[in-house]
Amino acid sequence: MHLIRVALAIPLMQYFDYLLDEALLDEKFALEVGSRVVVPFGRQRRIAIVIDFPAQSEVAEGQLKQVIEVLDRKSIFNPELYQLLRWAAGYYQTGLGEVLFQALPVKLRQGEPNQRAVEAVWKILPQGKAALENGDLRRAKKQQQELQQLSDAGEEGISQQNNAFSRSIYSALLEKELIVSGRLEYQTEAWQTALSNENWLNRQNKLRLNKQQALATGAIHFATGFNCWLLDGVTGSGKTEVYLHLIENVLSQGKQVLLLIPEIGLTPQIVRHVTNRFNLPIDILHSNLTDTQRLLAWQRARSGESAVVIGTRSALFTQFQDLGLIILDEEHDLSYKQQDSGWRHHARDLAVIRAKNNNISLVLGSATPSLESLANVASGKYRHLVLNQRAMNNTALTHRVLDLKKQRVDLGLSEQLLHLMQQHLEKGNQVLLFLNRRGYAPILLCHECGWIAQCEHCDRPFTYHKKQNILICHHCDRKTKVPRQCAKCGSTHLITSGVGTEQLETVLKEKFPQYGIARIDRDSTARKGAMEIQLQQIKSKQSRILIGTQMLAKGHHFPDVTLVAMVNIDGALFSQDFRSEERLAQLYVQVAGRAGRGDKAGEVVLQTHFPQHPLLQTLLTQGYAEFAMQALQLRQSMGLPPFAAQALFRARSKNSESAVEYLTALERFFNHYCLQNNINGLQILGPIEALQAKKAGQFHWQLLLQHSSRAVLQYCLSYFAEIKSQLNLNQNVHMVLDVDPQDFS
Ligand code: ADP
Ligand code: ZN
Ligand code: ZN
């Protein structure tokens, strides 16, 4: 009997010991850390992952249960990935089980064998070939036909799976010993052998790099070992071409590449560029894959069969045979941070660790780098590569602020904006209006007494959706009928306030009846394929006016859009989140980047009541880089990230007081701990209400820890995790720890 320690797929830092009967193993004891086993757990059987072979257990020998089955004889994780995941579990203070299981394809989490299916096939025998030549089967036409097909199929044979209808014919052939039934071993051909053939690269698509691109590519290419590069390139500067050259370099050495992007559906261009450039196996991990397809892709990358893997955040946990480069595009994008469920990690930060472990380069690309990454450049951790010129042309963008205070505004649209739209449309161009608010109107209120229709579970106004004729809470997705009367005074005079994309579309249809309109937001693209149709209509210029939320701000390339307008940004100027200005600046640059991508000059317009706001001034007159510099200085002077490390305890409960009590207990604990251990400088803020204090009937409270040293903060957190179970905390409060939080909602 051997003692093993396992982790289960639970969000606890708790591990379990079992005994392993050697009879479950083959001659050789080859069970490894990282292998899957089946164990009894309570009354269930659970899949578990071996994490240790302890010398002894705290559980008495007689109490230990036995492993039921061993699923893998070898670790299912390659050592490099296991190392990353173990590190991550420690850093994010998460149970190793949750981290390990989430890094596996669903099929493997469920215990399916990690083996490639071997296919059953029919194959022709030499006797069969002779029979064909001699015409032995003249009388049995069908048998002769099938045998001929088998002969044509050669060594590959014909799959038995899809041939149920002709099974009797094969049985006959089998009986006559003209064919065999066999299994085709799964065979892999290394893509590297294709490298000796010119065709692996589509040279005709290759662009000649300009000077800045060549310098960036050269620097990365000639650097050895681990390096983290910030490819800071304005929109249109040709970052994609730099990626393609880098990928080519690495592939030509026979090594694999991982390309991470924020969202595949919204940025199909980059995927197309890669697949058009290389005639090599490329796996794209998009959300529409079935579990089986996902498992296959995972296995292909692990065995080294895929040359390039493209995917979103979770693709970071793909295993590779020989990884040579990681590229992470749009590094500032919030989608790299796991926010809502599971363990809250940041794929960019983990990519840095992974590249370091592999001793390879990581390239972070963005037109609007995060302040975190810029600070890492300043401190010498990352190396800065700048592309500050558009690659194609130099059609400059004109920026313009429209002061909403000084003119007539009709349903969110100023006279000046309408006038500009008219001009651009008359020239045959397209116009894009950006409004980060879906639905018809964000508020439904009583004209008599001011009552507002609110979601009682979130204490926030319902959004009115006119087409569906329904109120939807955008915080908890609760839907309710549109009331006929005011709930307070009974008046039937209910009106909407504010403008959403749905209403904008209606208004513009009236104002510009002669032009087609495309609206892209979560509602208009909910049906499968709806997004593609809209994009097609934009491309064919059937749609001349484009309305969209954040979804439309990402990487699309619309060459005929010459005017881009942000309809309403004032909310972001006065948010309580210290990152909101950074996000607005990034969004602004991204939205602006949709204009003038063709060879026509572009114009960007921003509507606001606060044209003198210092952020807007810096951004518009001096650009993102200057804005970022100033913002960084401000953060430094206030001691905020990236100049401090933060960890956020998020508590939620049906009962507000319980959540507060819970966090107060944590506050006391950390205060006491710091005093006892002479730890200075740990700031403990709270408990405070979350920015969205009530959501779906639960109260949300937060406690923020902050320290100028990440190491000290980590030290405190890990001690807390160790003794947490002894603190006697209220079990009815749900708490998650968010290390390096990116938002406070
Ligand atoms: P980014 O991703 O940096 O915003 P893109 O990669 O989309 O920019 O490039 C913008 C445009 O410039 C694309 O149409 C691309 O084909 C073109 N381009 C990029 N590099 C070159 C080059 N070296 N020569 C000519 N055109 C280029
Ligand atoms: Zn009323
Ligand atoms: Zn709600």
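Applying the 6.0 Å contact sphere to NZ of K381 captures no more than 12 heavy atoms from other residues, nucleotides or ligands. More than 12 heavy-atom neighbours from other residues, nucleotides or ligands sit within 6.0 angstrom of CZ on R583. Sparse packing is recorded around CZ of R437, with 12 or fewer heavy atoms of other residues, nucleotides or ligands lying under 6.0 Å away.
N205 is linked by a side-chain hydrogen bond (donor to acceptor under 3.5 Å, both in side chains) to nothing, counting only residues two or more places apart in sequence or in another chain. Every residue two or more places apart in sequence or in another chain that forms a side-chain hydrogen bond (donor to acceptor under 3.5 Å, both in side chains) with E263 is listed here: K554. The side chain to side chain contact (heavy atoms under 4.5 Å, CB included) check on V352 picks up F226, C228, L362, Y382, with sequence neighbours excluded. For E426, there are no salt bridge (Lys or Arg N to Asp or Glu O under 4.0 Å) partners, not counting sequence neighbours. Every salt bridge (Lys or Arg N to Asp or Glu O under 4.0 Å) that R344 has, sequence neighbours left out, goes to D738. Residues passing the ring pair (Phe, Tyr, Trp, His ring centres under 6.0 Å) test with H286: none are found, sequence neighbours excluded. Residues forming a side-chain hydrogen bond (donor to acceptor under 3.5 Å, both in side chains) with H273 (at least two apart in sequence, or on another chain): none. Take R522 and apply the salt bridge (Lys or Arg N to Asp or Glu O under 4.0 Å) test, not counting sequence neighbours, and it matches no residue. In this structure S524 satisfies the side-chain hydrogen bond (donor to acceptor under 3.5 Å, both in side chains) test together with D521, sequence neighbours excluded. For D329, the salt bridge (Lys or Arg N to Asp or Glu O under 4.0 Å) criterion is met by no residue, not counting sequence neighbours.
For the pair D322 and K255, the salt-bridge criterion is met [side-chain N within less than 4.0 Å of a carboxylate O]. Residues E372 and R579 are paired through a salt bridge, judged by an N-O separation under 4.0 Å between the basic side chain and the carboxylate.
The two atoms that bring N388 and Q212 nearest to each other are OD1-NE2, 2.8 Å, heavy atoms only. Closest non-hydrogen pair, A351 versus I326, comes out as O-CD1, 4.1 Å. Contact record, R313 with Y336: CD-O, 3.3 Å, taken as the closest heavy-atom pair. The two residues L371 and P642 come nearest to each other via the heavy atoms O-CG, 3.7 Å. Scanning all heavy atoms of the two residues, the minimum distance from N227 to A223 falls at ND2-CB, 3.5 Å. Pairing each heavy atom of A315 with each of G311, the nearest pair is CB-CA, 3.6 Å.
Contact check for L364 versus S373: side-chain heavy atoms found under the 4.5 Å cut-off. Using a 4.5 Å heavy-atom cutoff, the side chains of L508 and M421 are in contact. Inter-residue side-chain proximity for N202 and N279 is flagged as met; some heavy-atom pair is nearer than 4.5 Å. Between T501 and T549, the closest side-chain pair of non-hydrogen atoms falls below 4.5 Å. Between E80 and R354, the closest side-chain pair of non-hydrogen atoms falls below 4.5 Å. Looking only at side-chain heavy atoms (C-beta outward), I360 and L325 stay at 4.5 Å or farther from each other. Between W191 and L251, some side-chain heavy-atom pair lies under the 4.5 Å cut-off. At a threshold of 4.5 Å between non-hydrogen side-chain atoms, the residues V604 and Y588 count as touching.
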side-chain contact (heavy atoms from CB on, under 4.5 Å) assessment of W298 paired with D283
CA-CA 9 Å; W298 184 88; D283 267 306; over 6 Å; no
Quiz prompt | Pair Y243-L231, side-chain contact (heavy atoms from CB on, under 4.5 Å): steps then yes or no | solution = CA-CA 10 Å; Y243 298 156; L231 183 62; 3.8 Å; yes
Worked verdict on E603 versus R400 for salt bridge (Lys or Arg N to Asp or Glu O under 4.0 Å): CA-CA 8 Å; E603 195 164 3; R400 209 196 278 245; 2.4 Å; yes
Q) Run the side-chain contact (heavy atoms from CB on, under 4.5 Å) check on L552 and I547 step by step: do they pass? A) CA-CA 8 Å; L552 204 57; I547 301 170; over 6 Å; no
Next on the checklist: Using the rule given for side-chain contact (heavy atoms from CB on, under 4.5 Å), can you reason through L616 versus I569, listing the C-alpha separation, both sets of side-chain angles and the distance that settles it, and then say yes or no?
Outcome noted: CA-CA 11 Å; L616 293 181; I569 52 137; 4.1 Å; yes
**side chain to side chain donor-acceptor pair (under 3.5 Å) between H245 and T217, worked out** = CA-CA 7 Å; H245 275 74; T217 314; 5.7 Å; no
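Residues Y91 and R710 bring a donor and an acceptor atom of their side chains to less than 3.5 Å of each other. Side-chain atoms of D560 and Q430 include no donor-acceptor pair closer than 3.5 Å. Using a 3.5 Å distance cut-off with no hydrogens or angles, the side chains of E331 and S370 do pair a donor with an acceptor.
Note that CG of L619 is 8.0 Å distant from NE2 of H399, once rounded to the nearest 0.5 Å. We find the CD1-CG distance between I220 and L215 to be 11.0 Å, quoted to the nearest 0.5 Å. Interatomic distance, CZ of F512 versus CD1 of I545, reported as 5.5 Å (0.5 Å rounding). Expressed to the nearest 0.5 Å, how far CG of L296 lies from NZ of K107 amounts to 10.0 Å. One distance of note links CG of D291 with CG of L295; it measures 9.0 Å at 0.5 Å rounding. Note that CZ of R635 and CD of E581 are 9.0 Å apart. Values are rounded to the nearest 0.5 Å.
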Please set out all donor-acceptor pairs under 3.5 angstrom arising from side-chain atoms of residues 622-631, sequence neighbours excluded.
residue, atom, partner, partner atom, Å
Y624, OH, P369, O, 2.6
Y624, OH, Q586, NE2, 3.3
Q630, OE1, T618, OG1, 3.3

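Of the residues listed (R277, R208, Q213, K206), the one engaging E241 in a side chain to side chain donor-acceptor pair (under 3.5 Å) is R277, and it is the only one.
Note on residues 303-329: pairs passing ring pair (Phe, Tyr, Trp, His ring centres under 6.0 Å), not counting sequence neighbours, are F317-W343, F317-H345.
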